[in-house]
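First comes the structure, then the notes that go with it.
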Amino acid sequence: MKRLRTFLLLGFTALTGIALFVSRSDATPGTVRIIAPGVWFREGDMDLGHCNNVIIEMKDYLIVIDANFPSGARAAMADAKRISSKPVKYVFDTHHHGDHVYGNPLWTEAGATTIAFKQVGEEMKRLEPARWLETAKTRPDVAELKRDAPEPPKQDIDEAQFALNDGSRKVEFRHLGWAHTRGDGFVYLPKEQVLCTGDAVVNGPYNFTGDANIGNWPTVLRAAEKLKVKFVLPGHGVPGGRELIAGQGQFMEELHKAVKAGVDAGKKVEDLQASVKLPDSVSAWVSEASLRGQIKDAFDEITQGKPRGDLGR
Ligand SMILES: [Zn+2]
């Protein structure tokens, strides 16, 4: 009986692990699911380029994680209204990419304050409005706003850590270093053991490395892993457990290692793009199309001795 029990328990643990790692086909974009009381996850519709959103209920107001693209912002706003009558007071931009910040003006118009780590605004100063103007050519929701530039976060967080605590809940904003982008922000709910990661952790082959520090990415995730976390809410893809952080870190580590070995052996980037195969253990993060670009980014970072995000286009 003891043996059987152990077996059943192990079986259950294994199944839970699998269940958390839902495939894309099981995902349901645009739906809102509850993660903990007062904490909702809204899965973005990837076909529309949307990121995920998280809605956190405080005593008198709501916090929304990521502004999304304008059309995603409207959808998330409608869901927030459906979920709660409390107003959205803060929208936290996890990083400077358009699918996370271009909806900012819609939120501020609705009365919210957009906030982010100060490097987010700095990156926008450096890289915008070029990307906004480029995006407006293909995205009606961006063009429709008739702006010459995106709206930067209204409030900067200057320290590496900041918390909102109204007695009902504590919400920590943490900058753990440069991974996906220079300004990456995590949102951590210590009591609920929820970690919102932005694109520093994604669940699936959705990694964009053009503004990244690939070599430092695993270090940032090791810092995230030190937190007591049960639920990981990624910037793209469905939620998972803490194994998502480890898997994403391992993917970046394997990518960097494979490209570094090729560089040390004097190989060209085209050779590496044709030959690098990452271990099966990280296959959830690999797609052939995205891997080619990621190999190029890692190659440039290693050969030029600077984070990819510092190298320009
Ligand atoms: Zn991003």
Side-chain angles (χ1 to χ4, degrees), residues 29 41-54 64-73 76 91-104 114-117 119-128 130-132 134-135 138-139 141-142 150-153 173-187 195-214 216-217 220-221 224 232-239 244-245 248-249 251-252 255 285 287 289-291 293-294 296-298 301 307-313:
F41 174 84
R42 181 182 194 281
E43 195 195 339
D45 188 337
M46 283 189 208
D47 295 336
L48 299 174
H50 293 166
C51 70
N52 296 331
N53 290 105
V54 181
V64 172
I65 311 300
D66 275 321
N68 215 318
F69 268 131
S71 57
V91 175
F92 177 73
D93 295 332
T94 58
H95 62 290
H96 70 272
H97 287 152
D99 55 337
H100 298 257
V101 300
Y102 283 0
N104 274 351
T114 46
I115 55 170
F117 283 102
Q119 295 92 334
V120 173
E122 288 167 4
E123 285 296 75
M124 287 174 81
K125 247 185 217 138
R126 191 167 72 91
L127 301 160
E128 299 288 4
R131 292 182 179 187
W132 172 272
E134 200 51 41
T135 310
T138 56
R139 288 198 63 103
D141 63 336
V142 172
E151 183 181 282
F173 302 87
R174 289 171 178 251
H175 175 63
L176 303 173
W178 183 355
H180 177 63
T181 68
R182 203 188 300 255
D184 286 342
F186 290 78
V187 182
L195 185 67
C196 313
T197 62
D199 292 358
V201 178
V202 293
N203 191 358
Y206 315 122
N207 276 297
F208 172 67
T209 45
D211 293 327
N213 187 340
I214 300 168
N216 191 54
W217 202 318
V220 170
L221 295 185
V232 175
L233 310 183
H236 299 277
V238 296
L244 269 191
I245 311 173
Q248 165 90 4
F251 168 73
M252 287 300 162
L255 171 70
W285 284 269
S287 79
S290 60
L291 188 60
Q294 290 152 357
K296 169 88 169 74
D297 286 339
E301 180 172 306
R308 177 61 190 83
D310 261 347
L311 299 175
R313 289 282 123 187

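As the structure lists them, so they are numbered: ligands from 1, and atoms in each ligand from 1.
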Return the orientation label for the Phe117 and His175 ring planes: parallel under 30°, perpendicular over 60°, tilted otherwise.
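Because their plane-to-plane angle lies in the 30° to 60° range, the rings of Phe117 and His175 count as tilted.
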Using the six-membered ring wherever Trp is involved, compare the ring planes of His236 and His100 and label them parallel, tilted or perpendicular (cut-offs 30° and 60°).
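The arrangement is perpendicular - the two ring planes meet at more than 60°.
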Assess, by modelled atom type and distance only, whether the side chains of Asn104 and Asp93 contain a donor and an acceptor separated by less than 3.5 Å.
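Asp93 and Asn104 do have a side-chain donor-acceptor pair below 3.5 Å.
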What are the protein N, O or S atoms, given as residue plus atom name, that sit under 2.8 Å from the Zn ion (ligand 1)?
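Near the Zn ion (ligand 1), below 2.8 Å, one finds His95 NE2, His97 ND1, His180 NE2, Asp199 OD2.
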Would you call Glu43 and His50 a side-chain contact if the rule is heavy atoms closer than 4.5 Å?
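No - every pair of side-chain heavy atoms lies 4.5 Å or more apart.
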Under 6.0 Å between the ring centres of Phe173 and Phe186?
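Aromatic pair excluded; centres sit 6.0 Å or further apart.
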Between Arg42 and Cys51, is there a donor-acceptor pair closer than 3.5 Å when you use the side chain of the first and the backbone of the second?
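Judged by distance alone, no pair lies under 3.5 Å.
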